[in-house]
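Each remark here refers to the structure printed beneath this line.
What's counted below: heavy atoms across the whole structure, side chains too, no hydrogens, waters or symmetry copies. These numbers were taken from a predicted model, which means no experiment stands behind them.
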Amino acid sequence: MFETLLLLTIPTLSLMFVLLLPANIHAAVDNISFGGRPATPLWFRIPEQLVYIVVALFAALRTAPIAQAVRRIPVRAGESG
């Protein structure tokens, strides 16, 4: 169960960052403020979003072997796992 959740969460997070990119571009272009603060400039927003995507994908690729290793750990009778 844990390994499945682990394998699904991080790629889904990467997908969310990709899908939020157009919204971030829209907010920067139209100067939409957030919490009363001015919008972050587009020249900063796009590279920052790309960093988030790359980090999430890197974590997804690094997590897959860990999840597979967790799956191989034997659980003895009477133990929860």
Side-chain angles (χ1 to χ4, degrees):
M1 173 76 176
F2 172 74
E3 63 273 0
T4 304
L5 182 63
L6 196 59
L7 288 173
L8 290 176
T9 301
I10 297 175
T12 304
L13 183 62
S14 303
L15 179 63
M16 182 192 74
F17 286 138
V18 170
L19 295 176
L20 284 175
L21 189 57
N24 278 327
I25 292 171
H26 169 70
V29 169
D30 291 342
N31 277 334
I32 298 173
S33 64
F34 182 72
R37 294 180 296 167
T40 307
L42 191 59
W43 64 267
F44 183 78
R45 195 177 282 242
I46 299 299
E48 181 182 31
Q49 190 78 19
L50 292 175
V51 168
Y52 293 149
I53 292 167
V54 168
V55 168
L57 288 173
F58 177 76
L61 294 174
R62 297 282 295 168
T63 302
I66 295 169
Q68 291 171 355
V70 168
R71 186 179 302 148
R72 287 190 292 253
I73 296 174
V75 177
R76 288 181 246 156
E79 294 180 3
S80 62

Taking only residues two or more places apart in sequence, or in another chain, which ones meet [X] in a side chain to side chain contact (heavy atoms under 4.5 Å, CB included)?
{"X": "Ala23", "answer": "none"}
{"X": "Val55", "answer": "Val51"}
{"X": "Phe17", "answer": "Leu13, Gln49, Tyr52, Ile53, Ala56"}

Is it true that Ile32 and Val29 fall in one hydrophobic cluster, defined by side-chain heavy atoms closer than 4.5 Å?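 No, it is not one cluster - the side chains of Ile32 and Val29 are not joined through contacts under 4.5 Å.
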Does one hydrophobic cluster hold both Leu20 and Leu57, with members joined at side-chain heavy-atom distances below 4.5 Å?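 In one cluster: yes.
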Hydrophobic side-chain clustering at under 4.5 Å (ILVMFWY, transitive links): who's grouped with Phe44? Put none if nobody. Trp43
Check: Ile46 and Leu21 side chains under 4.5 Å, non-hydrogen atoms: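 Contact flag for Leu21/Ile46 side chains = yes.
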All heavy atoms of Ala39 vs all of Ala28, minimum pair found to be CB-CA, 4.5 Å
Listed partners of Asp30 passing side chain to side chain donor-acceptor pair (under 3.5 Å), at least two apart: His26
Which distance, rounded to the nearest 0.5 Å, do you find between the CG of Asn24 and the CD of Glu48?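 Those atoms lie 8.0 Å apart.
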